[in-house]
Amino acid sequence: MTTYIIRRLLWLIPVLLTVSAVTFVVMRSAPGGPWDTDAERRQVDAATAKSLAAYYGLDKPMWRQFYAYVIGDTNSQTKEWVCGVICGNLGPSYRQRGRTVQDILFAPPEGKTFWQSRFGYSIRLGVLALSMAIFIGIPLGIIAALRQNTLVDYTALFIATSGISVPSFVLAIFLIIIFASRLHWIDIVVDDWTQFKYWLMPMAVLGFGTLAFTARLTRSSMLEVMRQDYVRTARAKGLAERVVIFIHMLKNALIPVITILGPALAGLVTGSFIIETMFSFPGMGRAYVQAIGQRDYSMIMGTTLIYAMLVAVANLSVDIIYVFIDPRIRLGE
Amino acid sequence: MPDLLLDVKGLETTFKTPDGIVHAVNGVSFGLKEGETLGVVGESGCGKSVTMLSVLGLIPSPPGKVKEGTAHFFGRDLLKMTSAEIRQIRGAQIGMVFQDPMTSLNPVLTIGRQLEEPLVVHLGMTRAQARNRAAELLAMVGIPNAKDRLSDYPHQFSGGMRQRVMISMALACSPQLLIADEPTTALDVTIQAQITDLVKRLRSELGMAIIWITHDLGVVAGFAQRVIVMYGGFIIEDSIVNELYVNPTHPYTIGLLGSLPRVDASGHETLTSIEGSPPLLYEKPTHCPFAPRCKWAMERCWKENPPLETVAPDHRVACWVDVKTGRAR
Amino acid sequence: MADNNVLLRVDNLVKHFPIMRGLLQKQVGAVRAVDGVSFELKRGETLGLVGESGCGKSTTGRAVLQLYRPTSGNVHFDGTDLTVIKGEELRAMRRKMQMIFQDPYASLNPRMTVGEIIREPLIVHKVATEAEADERVRQLLELVKLNPSFSTRYPHEFSGGQRQRIGIARALALQPSFIVCDEPISALDVSIQAQVVNLLEELQNEFNLTYLFIAHDLSVVRHISDRVAVMYLGVIVELSTRDELYEHPLHPYSQALLSAVPIPDPVIEKTRQRIILTGDVPSPANPPSGCRFRTRCPIAEAKCAESRPEFREIKPGHFVACFFADRYL
Amino acid sequence: MRKLFTLLSLFVLASMILSACGPTPAATDAPAQPEQPAATDAPAQPEATEAPAKEAVLRINTGTYPDVIDPQKSSFVNEIGHLDKIYMGLSTLNEKLETVPGAADSWTFNDDATQLVFTLKPGLVYSDGSVLNAKRFEYSFQRNIDPTTAGEYASITDEIVGAPEWRAADTAAEGYDPETFKAALGVKASHADGSACADYEDTACDTLTLNFSKPAPYFATIAGIWVGYPAKEENIAEGGDIWWTSSKYQIGNGPFIWKSVDPFVKSVFVPNPNFAGGSVPTYSMEYSYITDSAVAFEAYLNNEFDIVASVAEDLPVIDADADLTAQHVKYAGSCTIKIQYSLHPTWNGQPNPFTDKKVREAFSLAFDAESWARDVDGSLSLPTWTWIPPGYPGYDAASPLHFDPEAAKAALAAASEPFNSAEKLNAMGLKMAFADSARNRQRHEWIAAQYKEILGVDLALDPVEPTTYTAIQKDPDTYPLLSRGGWCADYADQQNWLSVYWRTGTFSARWGYSNPEFDALVDEADTTVDTAKRNELYAQAQQILLGDIPAAFGYNSLNHYLVKPWVTGYMTTPQDHIFPGDLTPWTISIDTSMIP
């Protein structure tokens with residue numbers, strides 16, 4: 001299995017390289033640069049633009065810039081070798097002057113822990129949303145399957161369908177109006193994210209779609225498993241229904257559910273732009289949106305890479321977890 | 001026959017499907033003596049498996065429904081039992097082996113765990129006791145290194161080995177009755193021979209009654225004492241084994257035997273095939289279910305469904321026609 | 001042996017499927033699915049290829065048709081070595097060779113009508129205009145005893161036996177001279193099997209077809225074949241004319257295989273002595289040294305592990321790969 | 001192995017706890033945070049309210065979190081809105097946008113306006129009590145010019161002797177020595193008698209002399225903008241490249257102290273008791289960074305904000321509610337938007353009709369800015385017929401042209417051949433380019449319809465991908481025939497409105513405007529020290545500009561906010577960065593008794 005994991009990790013290299021190459025080309029092919037201001041504003045003067053370009057290496061040919069980004073290059077101004085992505089250096093932000101992308105994403109504010117970094121916030125929100133999806137979605141799916149075609153089932157299906165079809169920003173503003181403006185249970189302007197209650201709404205909005213999806217998948221998976229021969233075998237052994245459901249059906253039914261949880265977590269962490277913006281949540285998604293607005297190339301590149309990596313690692317983790325829950329799977333064989 | 005182990009009378013089972021109600025079992029009655037081996041033969045969809053699953057309350061409901069009938073086991077009607085009561089019977093007094101050993105074992109639980117379950121539930125063993133007994137059971141069905149293999153998962157066993165596991169599981173609590181639903185159909189012929197051999201041995205050691213469901217008339221020939229042939233949810237012939245093969249009486253049984261090439265037959269004569277296809281059972285037939293495919297069918301066959309009638313000692317047939325003469329019986 | 005009457009000659013056919021493993025996905029071994037198979041087929045002849053699942057019989061069929069390109073060996077069809085030709089040339093040869101599959105449902109495109117399925121090869125190979133194709137579809141459906149009006153229906157509207165007829169009609173569309181029948185009846189009900197077997201026989205007589213009939217059911221193979229080859233773990237262990245093989249099997253495996261087949265006659269069954277093989281078929285990725293069968297062979301000796309027994313003609317037309325075959329002469 | 005399943009659930013649980021344990025670091029944080037600058041806070045405590053009233057805190061939503069909060073690197077209003085709370089330049093602006101003393105007590109120009117001498121207020125200190133002398137400002141200007149800083153506004157001080165040369169220097173070159181350039185720079189801190197200053201502790205160092213390579217009478221204004229804010233050199237050195245991210249290094253002389261920041265979440269500002277301009281504010285401030293306007297609006301309604309910017313979507317709700325209407329504050333902003341005509345001789349290979357002044361006149365007369373503001377901009381713009389917006393020095397309502405359909409038709413008819421009828425123009429296939437977006441489509445369709453209706457002219461709309469649009473606008477060769485665009489002031493001097501934008505060879509080169517008479521007037525104004533005379537010259541120049549009709553002057557941007565009734569005393573200017581009156585925040589007071 002170790003070789004399998006190593007091989008999968010090695011596979012990440014070409015994947016990430018491709019992702020960065022594509023992002024790189026797409027971004028650079030758009031006209032204008034990070035210091036190009038609107039026509040209606042004072043223009044950055046040529047000498048400054050030139051020295052900024054030189055500092056960030058934008059005066060070099062494209063391939064060289066890409067090489068510098070990935071491998072590294074000598075900074076033409078400081079004459080120092082600066083290692084690139086391979087050393088974990090995602091490069092300096094073009095807009096947040098003096099800060100590197102990894103610093104913006106991963107470094108916590110002064111005196112705070114890693115979990116208070118942009119990345120830390122997003123990960124925590126993602127995990128919370130996923131937990132909600134798991135702890136509500138899975139039971140909901142199970143109950144719906146066991147009570148197929150009853151009111152319970154229809155209710156669960158309704159929730160699931162609405163979770164998939166209602167856009168998150170609609171749900172977000174809806175919840176804000178109800179719980180903050182009308183009921184005054186929580187504040188809209190959150191200045192203390194250390195309080196758990198403020199996490200509830202973003203978590204609910206973010207996790208709702210996944211919850212719905214999880215519930216649907218669990219339901220269909222349970223229905224599938226309920227028809228399996230080994231469930232009949234279990235009943236034929238005279239086992240109590242409780243044992244049949246929890247020992248014989250659930251574990252099998254959850255295998256497909258678990259396989260989507262990794263990508264779901266990656267999706268939740270990476271897909272939280274709207275929610276982070278709506279709830280003014282200080283996570284990575286918000287930084288990403290802002291970077292796009294400001295054409296902060298290296299931020300966009302860096303964040304995209306982190307997202308790509310997250311998705312890949314999430315998929316890999318699922319594949320590994322899969323081995324432990326499904327004895328039939330042997331990696332790399 | 002007061003000494004019947006299992007006495008099924010007038011069993012009717014239906015299934016609700018999107019295309020309509022399927023009348024899978026349409027009034028089936030049969031009895032089984034203690035220690036007797038009964039072969040149940042028929043094509044897919046003839047109701048042979050459904051009959052046995054109905055008796056054990058294992059019909060998925062909905063869509064399935066046992067509409068009528070009784071099934072007395074040791075004098076108690078299985079069909080009237082509460083789910084708790086019938087659970088006491090299942091796995092304890094009646095063991096069951098299913099067709100596909102690949103899918104009948106839970107893929108994510110160890111063999112040991114699955115074997116221990118009935119021991120713990122029915123015999124009140126502790127986990128440790130159950131584990132020891134499980135190893136003995138595996139050894140009994142001829143699995144080498146039984147103790148070590150308890151922690152293996154089903155996929156680590158071959159098909160034949162899995163079916164042995166299934167058998168050991170069904171026999172774990174020394175049941176009075178073993179219902180084997182096409183236990184060798186999915187297996188290769190040499191493995192099939194191993195399994196039938198094993199069951200024969202266990203039958204002589206443990207003395208349980210066996211209901212062996214199959215579509216292969218060959219398998220039960222050397223094995224069952226009595227054979228019932230099912231068609232369209234009805235029993236159409238019920239006979240002691242020698243009589244059936246020597247003197248098949250229902251046109252369907254005759255056709256079935258005729259359409260079966262024999263490995264010991266040197267001749268190259270054309271097989272006597274039965275034209276047409278088995279009925280779909282969306283309506284409960286009011287006539288002989290085999291009439292549409294029967295070359296002897298008479299007017300009456302299209303009007304009334306023949307009851308099982310005794311034609312020879314221990315030989316009952318449901319047919320209006322005497323095939324030997326081609327006339328009404 | 002330039003026999004004009006020989007349609008197909010297979011010489012030392014090998015098909016290995018590589019096993020990749022490790023960091024760099026190096027080939028660490030191979031599943032030796034077919035490991036040196038040779039046989040001949042005369043025009044109009046049926047060669048039965050029997051063996052248990054995993055013995056390589058289906059792979060042999062596919063490798064003969066070049067559906068899998070063989071690892072080594074030659075396949076001469078009608079004088080052309082199929083293993084060296086490719087592209088248009090191979091496509092042209094494929095017209096003369098067709099295949100009938102085991103699962104008639106999976107092998108028919110559910111979104112095409114029966115007419116479209118049958119005419120597809122005609123159009124693809126540009127052998128008929130649209131109008132000619134329609135006429136040909138009608139003829140073919142009649143040939144396989146289906147109502148020509150069925151051509152506008154979809155596969156799911158048919159029963160298993162009818163679907164297999166559709167598969168046969170499609171295979172016949174290009175008027176092949178050679179058909180590989182890969183377990184064509186094992187998915188069908190007993191009463192339907194005979195219909196299909198009879199149909200295949202009729203078609204063979206009418207069009208002088210040559211069949212490679214692959215099956216695990218020895219009874220059917222005996223019924224339909226002129227000669228029979230027994231495969232075990234990628235090699236042919238015995239090959240002879242039908243009755244010779246069934247009545248005087250010389251290889252211990254053939255003997256065990258034949259003895260395992262149940263005979264639908266309780267009298268014979270009760271007196272018959274069975275050879276019960278122990279254990280399972282070893283993995284084709286790691287076959288035993290020497291004689292492939294030695295690990296389960298009741299008469300194996302030390303030399304069986306050392307070298308592979310030659311596939312020799314022990315009697316005229318009777319080939320066997322066993323050191324001790326002479327004992328049974 | 002089956003335990004792994006349990007393990008998985010445990011993992012999920014653990015992660016839940018992990019995120020729930022957020023409060024723990026807060027608890028450890030707590031002792032470090034509370035009331036650190038309590039001492040400095042004390043004098044700011046309002047004494048007026050007797051009851052233990054609510055704390056006076058002004059809670060403002062600023063929208064996007066700043067990318068960089070560094071005086072010599074920032075360029076966006078939200079960034080400057082932070083900086084001008086923490087720092088104050090040598091000069092500053094009053095509510096009329098007149099340049100008034102800031103950190104400097106006074107300043108004098110020499111006769112030809114090539115030298116500007118600032119004298120600092122006596123006893124000037126930073127918010128932490130440390131000395132603030134002229135050397136600090138010297139450092140700020142040096143840092144702004146230093147090419148390694150590479151600030152986006154570095155060129156704004158190019159009038160200073162030696163500044164363009166240093167900025168253009170190749171820092172990677174072998175013999176590059178910043179000290180040489182620094183010595184040659186026309187920025188010098190000194191004692192009042194001209195003797196050299198010792199160091200940053202030298203309290204007698206109160207004079208800053210700026211020498212210009214050309215007359216720059218407007219430079220007193222420029223010297224007050226953010227690039228001259230006196231950030232501390234030692235703090236910048238200690239904090240390194242990211243010094244500006246930490247509020248602890250941002251020690252300034254502005255009205256407020258940046259007490260704490262939680263990026264993307266909240267900034268807290270408390271009054272600076274050592275503030276030397278205006279008066280010390282009587283309240284604290286909290287900036288929040290909610291970018292979704294709907295959420296911010298809800299928060300305002302929920303009394304969680306005292307001031308938010310209103311947006312078009314909120315207007316129906318505001319207009320339907322008398323209280324909100326009363327809280328709605330609207331006034332002209334810092335931009336003038338116009339429809340710019342290309343004045344290049346040819347367009348698209350044929351004679352350019354807009355070289356004919358009568359055609360320009362027709363198009364200007366036919367643009368109904370009032371309807372535009374009402375129908376297109378949701379009342380979020382102010383119609384104008386002049387260039388410099390109201391609220392700026394130099395605003396002149398007098399304009400030769402106002403919307404007049406009949407006059408427009410007459411003007412077109414009076415144009416020269418072959419531009420004197422709609423048919424002739426239509427035969428040329430006139431085009432109007434714009435940056436493609438749904439909103440812009442709607443806007444330009446309205447404009448085209450307007451011209452069609454009044455002049456009968458067909459304008460083909462030419463939507464262009466936004467970044468490409470920006471690029472084609474910057475190149476005279478690709479400048480569109482007709483395009484909507486404008487100018488937003490950097491600083492409040494007519495020079496910025498007139499010389500920087502319309503003088504030959506500046507922005508005006510893009511569309512080809514050039515008038516020697518105009519150039520002569522602004523050149524003279526740009527070198528005139530006497531304010532009254534300067535203003536007169538600029539006023540004449542503006543009238544010449546308007547008379548040339550280089551564009552259809554359309555409307556001014558509108559600053560519009562919702563302000564709670566308990567916030568009073570704010571003095572609005574078009575240059576406000578984040579909230580109304582934020583150039584003079586000390587005039588604002590909060591009536592805490594009114595807060596529900």
Side-chain angles (χ1 to χ4, degrees), chain B residues 41-46 142 144 157-161 184 187-194 196-198 215-224 227 240-246 252 255-278 280 293, chain C residues 50-55 145 158-162 187-199 201-202 216-226 242-243 246-247 253 256-272 274-281 283 296:
Chain B
V41 180
E43 293 175 273
S44 53
C46 72
F157 286 72
S158 69
M161 287 296 171
T184 60
L187 303 175
D188 274 318
V189 65
T190 58
I191 307 299
Q192 174 177 311
Q194 288 176 1
T196 46
D197 214 46
L198 170 72
H215 68 271
D216 186 346
L217 279 163
V219 173
V220 283
F223 185 34
V227 175
I240 55 165
V241 69
N242 288 0
E243 169 78 4
L244 185 84
Y245 287 86
V246 173
Y252 176 66
L256 214 51
L257 280 167
S259 67
L260 211 60
R262 284 175 64 154
V263 77
D264 60 340
S266 61
H268 203 122
E269 70 283 352
T270 310
L271 296 172
T272 55
S273 65
I274 310 171
E275 293 308 318
S277 318
L280 293 171
R293 301 173 76 188
Chain C
V50 290
E52 294 175 282
S53 46
C55 71
K145 300 190 172 69
F158 293 88
S159 69
Q162 288 171 318
L188 305 177
D189 265 324
V190 183
S191 68
I192 308 297
Q193 285 183 354
Q195 297 174 5
V196 175
V197 169
N198 288 346
L199 174 66
E201 285 186 322
E202 283 168 36
H216 67 269
D217 184 336
L218 283 93
S219 320
V220 174
V221 169
R222 175 164 198 181
H223 178 82
I224 200 166
S225 307
D226 300 310
R242 172 181 56 158
D243 290 340
Y246 277 73
E247 271 150 37
Y253 177 63
L257 204 56
L258 284 169
S259 84
V261 179
I263 295 169
D265 185 332
V267 183
I268 298 174
E269 274 292 300
K270 279 187 182 118
T271 54
R272 203 152 78 109
R274 274 199 174 156
I275 305 165
I276 304 288
L277 294 177
T278 53
D280 292 311
V281 184
S283 160
R296 299 171 76 197

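Any value given below was found using the heavy atoms of this structure, including those in side chains, with hydrogens, waters and symmetry copies removed. So that the names make sense, note that chain A is the first sequence line, chain B the second, and so on, each numbered from 1.
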Does C/Pro262 reach the side chain of B/Gln192, with side-chain heavy atoms less than 4.5 Å apart? yes
Side chain, backbone, both or neither: which part of C/Ile268 has a heavy atom under 4.5 Å from chain B? side chain
Options C/Leu277, C/Asn198, C/Asp217, ranked by heavy-atom pairs under 4.5 Å with chain B, top entry: C/Asn198
Chain C contact via B/Ile191 - which portion, at a heavy-atom distance below 4.5 Å: both
Options B/Thr196, B/Val227, B/Asp188, B/Asp197, ranked by heavy-atom pairs under 4.5 Å with chain C, top entry: B/Asp188
Which pair of heavy atoms, one from B/Val189 and one from C/Ala260, lies closest together, and at what distance? O-CB, 3.5 Å
Under a 4.5 Å heavy-atom cut-off, does chain B meet the side chain of C/Val261, its backbone, both or neither? both
Tell me, for C/Ile276 versus chain B, whether the close heavy atoms (under 4.5 Å) come from the side chain, the backbone, both or neither. side chain
Non-hydrogen atoms of C/Arg296 and B/Gln194 that approach each other most closely: NH2-NE2, 4.0 Å
Using non-hydrogen atoms and a 4.5 Å limit, figure out which bit of B/Asn242 sits close to chain C: side chain, backbone, both or neither. both
In terms of heavy-atom proximity below 4.5 Å to chain B, should C/Thr271 be classed as side chain, backbone, both, or neither? neither
For C/Pro266 against B/Ala221, the heavy-atom pair lying closest together: CB-O, 3.2 Å
Under a 4.5 Å cutoff for heavy-atom pairs, which residue among C/His216, C/Glu52, C/Lys145 has the most contacts with chain B? C/Glu52
If I compare all heavy atoms of C/Pro264 with all of B/Tyr245, which pair ends up nearest, and what's the gap? O-CD2, 3.0 Å
With sequence neighbours excluded, what pairs up with C/Asp265 under the salt bridge (Lys or Arg N to Asp or Glu O under 4.0 Å) test? B/Arg262
Considering only heavy atoms, which portion of C/Gln193 lies under 4.5 Å from any heavy atom of chain B: side chain, backbone, both, or neither? neither
Stepwise, does the side chain to side chain contact (heavy atoms under 4.5 Å, CB included) test hold for B/Val241 with C/Glu269? CA-CA 11 Å; B/Val241 69; C/Glu269 274 292 300; over 6 Å; no
Taking all atoms of both residues into account, what is the closest heavy-atom pair of B/Pro261 and C/Ser219, and its distance? O-CB, 3.1 Å
Quick one: side chain to side chain contact (heavy atoms under 4.5 Å, CB included) partners of C/Asp189, sequence neighbours excluded? B/Glu43, B/Ser44, B/Pro278, C/Ile192
Answer whether the closest heavy-atom distance between the side chains of C/Arg274 and B/Thr190 falls below 4.5 Å. no
